[in-house]
Amino acid sequence: MAGDDVVIQLIEPAVSIEKSKLRISRVVHAYVNTYPDLNSEDVTLLNCHNGVCGYPAWNDQSDAVALLYGETGICSGSLLNNTSQNLKPYFLTAYHCLGNDDVGSWMFRFQYKDPACSTASIYYNGSNLRAGWQDTDFLLVELMQDIFSDKIAFSGWDNSSSVSSTGTGIHHPEGSTMKISFDSQALTTNSTGMIWPGDVYTPPNTLWKVGFDSGTTEDGSSGSPLFNTAKRVIGQLAGGPGECPPNAIKYYGRLDKSWTGGGTSATRLSNWLAPSISATTTDLIRFAISGPSLVPCSGTVTYSLPTRAASYSVTWNVGALQIISGQGTRTITVQKSSSSTVSNTVITATVTYTGGSSVLTKAIDIGSPHITSLSGPSSVKVGSGATFTAQPVFVASEGEYQWTVTPSTATMTPYRQTCSIIFNASGGYQVGVRSTSSCTSPGSYTTTTVSVSSSYIVSSGMSKQVNIVLAYDTGATVVPSTIAWSLHNQTTGTLAASGRIAAQGGTLDFGRLPNDIYVLSLDTEAGNPDIHKIVLK
């Protein structure tokens with residue numbers, strides 16, 4: 001928090017007036033601004049960073065990354081899953097981020113991304129030290145507050161020594177919004193020992209050596225996770241020169257070496273991330289509602305929340321569904337309500353735990369899946385066929401596909417998730433599809449637009465006269481009086497002739513042009529020219 005003053009306000013329930021106890025264990029006052037992003041000041045960064053919002057394939061992994069505010073500076077890091085799958089908030093960062101800090105005063109900022117991500121930052125305060133080892137520069141802390149948000153993830157990890165064919169880093173350079181960096185080559189290791197500022201020594205083969213070819217890291221990125229090709233964490237950033245590719249060489253402490261670390265629970269990861277079983281990998285997890293996205297017309301479906309170390313209670317609201325059993329527990333069984341005909345609803349779980357509450361949601365289709373996408377060409381010629389495909393693909397027992405095309409000057413041949421359409425006239429069309437079921441009203445149409453332009457038949461004779469005839473456009477609502485044409489020499493690419501001709505067609509005389517191969521372009525409407533190869537001889 002910037003500034004020299006802070007006001008703390010305690011609001012008590014009417015039944016508990018003067019019964020609360022407020023204790024401030026520690027106040028840290030910095031004499032320089034260690035949180036530049038909290039002010040209006042701009043952070044100066046290298047010009048080769050990639051905002052994480054531009055890479056949706058890494059959304060899950062970025063949801064585990066946080067900016068760490070310490071007493072003496074800033075770092076990055078990531079929440080890690082453990083083999084108990086109990087969502088204990090273990091957070092991996094760099095050992096050198098510790099300094100002389102008390103980790104109990106650290107603050108963690110999740111979801112700090114560019115505005116394009118449309119996310120709001122989530123803060124947690126305080127942590128407890130669990131393990132650390134300077135040889136691989138790893139530090140593991142456990143947040144003091146349990147995480148009951150489906151906006152935050154716990155990364156999977158890989159503790160094997162396998163060399164990844166790629167490397168990806170997600171981090172907060174200079175305390176800025178989240179960035180992502182990529183190395184498309186196989187990783188290597190530090191073949192010799194390294195000496196860092198302060199005469200800190202790193203033994204050989206304890207670090208992954210990464211050469212980013214897109215993006216980089218800077219101060220503040222320390223402790224950020226390195227992901228392998230399978231998107232599992234294999235290390236945390238120790239350091240490297242703050243330069244752009246091709247000089248963006250970075251070093252990450254190897255998680256497989258940190259796993260056994262210095263041989264004690266205070267110097268290795270294994271006791272914390274695999275407390276009861278031996279495992280090589282875990283996958284990403286988050287506190288979210290699990291279960292199918294479709295409730296059928298008949299039969300029951302189960303939804304649940306993860307088990308976890310911290311206790312909580314839950315109240316379910318299932319919208320247009322009906323709870324058969326489990327209200328108040330982490331697992332419920334539901335079915336379609338007999339009185340409802342809507343095609344979708346939202347399941348809500350209100351979770352109450354020590355210190356607060358959270359609301360989790362999951363969108364549900366009823367009867368048949370909602371159409372999420374419609375693919376097909378955006379421009380075609382009159383008289384030619386085009387195939388459109390709807391997603392997702394579902395079986396007949398889950399419902400049917402209902403297709404439409406506007407205007408109706410087209411011939412449709414639907415076959416469930418695909419539909420072949422022949423457009424009989426030029427102009428703009430809208431193709432739509434929706435799902436239907438026997439027990440609900442049809443959902444809304446998912447649509448795509450198609451520009452259909454005129455099609456011409458072109459023929460040439462020995463006299464270098466080219467005949468052009470409009471074809472397949474008998475139902476056109478608007479036909480221009482003329483169209484533009486151009487003729488290019490295919491060999492040289494130069495323009496040989498151009499002009500306009502009646503939209504219904506005509507004859508072009510190219511008798512003065514030398515014998516050669518040419519490309520004739522007829523600029524029909526909708527910006528979709530008719531291209532024909534012409535041989536003049």
Side-chain angles (χ1 to χ4, degrees), residues 60 63 79 81-89 122 145-154 156 275-277 279 282-372 391-400 434-444:
D60 281 341
D63 286 349
L79 285 170
N81 190 14
N82 68 77
T83 56
S84 296
Q85 306 283 315
N86 59 8
L87 297 169
K88 274 203 168 186
I122 303 174
Q145 297 167 276
D146 288 301
I147 294 176
F148 287 89
S149 171
D150 56 4
K151 304 296 189 297
I152 296 177
F154 295 71
S276 57
I277 63 172
T282 61
D283 291 322
L284 180 141
I285 191 175
R286 68 173 76 221
F287 189 64
I289 302 171
S290 63
S293 58
L294 174 69
V295 173
C297 289
S298 60
T300 61
V301 170
T302 297
Y303 295 95
S304 63
L305 295 175
T307 57
R308 54 179 306 148
S311 61
Y312 65 92
S313 62
V314 58
T315 301
W316 296 88
N317 186 308
V318 295
L321 304 174
Q322 178 183 357
I323 296 178
I324 302 302
S325 63
Q327 177 64 279
T329 70
R330 71 176 191 87
T331 300
I332 58 169
T333 301
V334 303
Q335 66 182 17
K336 177 190 173 300
S337 173
S338 59
S339 61
S340 174
T341 60
V342 299
S343 61
N344 55 72
T345 192
V346 174
I347 291 180
T348 300
T350 301
V351 177
T352 304
Y353 49 90
T354 302
S357 63
S358 297
V359 176
L360 312 179
T361 61
K362 184 178 179 68
I364 303 296
D365 291 321
I366 304 174
S368 60
H370 176 69
I371 303 300
T372 57
Q391 294 291 340
V393 177
F394 52 88
V395 297
S397 60
E398 294 178 344
E400 293 295 335
R434 65 182 180 181
S435 59
T436 65
S437 75
S438 60
C439 63
T440 62
S441 300
S444 58

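If you're wondering where the values come from, they're calculated on a predicted model, not measured in any experiment.
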If you compare all heavy atoms of [X] against all heavy atoms of [Y], which two are closest, and at what distance to 0.1 Å?
X: Asp150; Y: Ala288; value: CB-CB, 4.0 Å
X: Ile285; Y: Gln85; value: CD1-OE1, 3.4 Å
X: Ala320; Y: Val342; value: CB-CG2, 3.5 Å
X: Gln327; Y: Ile332; value: N-CG2, 3.9 Å
X: Gly319; Y: Asn317; value: N-OD1, 3.1 Å
X: Ile147; Y: Pro89; value: CD1-CB, 4.3 Å

Could you state the interatomic distance from [atom1] ([X]) to [atom2] ([Y]), rounded to the nearest 0.5 Å?
X: Lys336; Y: Leu321; atom1: NZ; atom2: CG; value: 9.0 Å
X: Leu360; Y: Lys151; atom1: CG; atom2: NZ; value: 8.0 Å
X: Thr345; Y: Ile366; atom1: OG1; atom2: CD1; value: 5.5 Å
X: Ile152; Y: Ile122; atom1: CD1; atom2: CD1; value: 4.0 Å
X: Leu284; Y: Asp60; atom1: CG; atom2: CG; value: 5.0 Å
X: Thr331; Y: Leu305; atom1: OG1; atom2: CG; value: 7.5 Å

Problem set entry | Residue pairs, two or more places apart or on separate chains, that pass side chain to side chain donor-acceptor pair (under 3.5 Å) and touch residues 297-308 |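 As it turns out, the side chain to side chain donor-acceptor pair (under 3.5 Å) pairs with a partner in residues 297-308, which skip direct neighbours, are Ser290-Ser304.
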For this session: Mind jotting down which residue pairs meet the side chain to side chain donor-acceptor pair (under 3.5 Å) criterion with at least one end in residues 363-372? Sequence neighbours excluded, please.
Result: Ser368-Ser435
For this session: For the pair Gln322 and Val334, evaluate side chain to side chain contact (heavy atoms under 4.5 Å, CB included) and give the outcome as yes or no after the intermediate values.
Result: CA-CA 5 Å; Gln322 178 183 357; Val334 303; over 6 Å; no
Problem set entry | Sequence neighbours excluded - ring-ring contact (aromatic ring centres under 6.0 Å, His included) pairs with any residue from residues 310-334 |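 Checked against ring-ring contact (aromatic ring centres under 6.0 Å, His included) - neighbours excluded - the pairs reaching residues 310-334 are Phe148-Tyr312, Phe287-Tyr312.
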Can you list every disulfide (SG to SG under 2.5 Å) pair that touches [range], not counting sequence neighbours?
range: residues 329-367; value: none
range: residues 297-372; value: Cys297-Cys439
range: residues 322-370; value: none

Problem set entry | Contacts of Asp63 that satisfy salt bridge (Lys or Arg N to Asp or Glu O under 4.0 Å) - sequence neighbours left out | Lys113, Arg286
Problem set entry | Residues in salt bridge (Lys or Arg N to Asp or Glu O under 4.0 Å) contact with Glu400, at least two apart in sequence or another chain | Arg416
Exercise. Quick one: does Ser84's side chain get under 4.5 Å of Ser276's, heavy atoms only?
Worked result: yes
Looking at residues at least two apart in the chain, or sitting in another chain, which of them share a side chain to side chain contact (heavy atoms under 4.5 Å, CB included) with [X]?
X: Thr361; answer: Val346, Thr348, Val359
X: Thr282; answer: Asn81, Thr83, Trp157
X: Ser325; answer: Thr333

For this session: Report the residues that fulfil side-chain hydrogen bond (donor to acceptor under 3.5 Å, both in side chains) with Asp283, sequence neighbours left out, ordered by chain and then residue number.
Result: Arg232
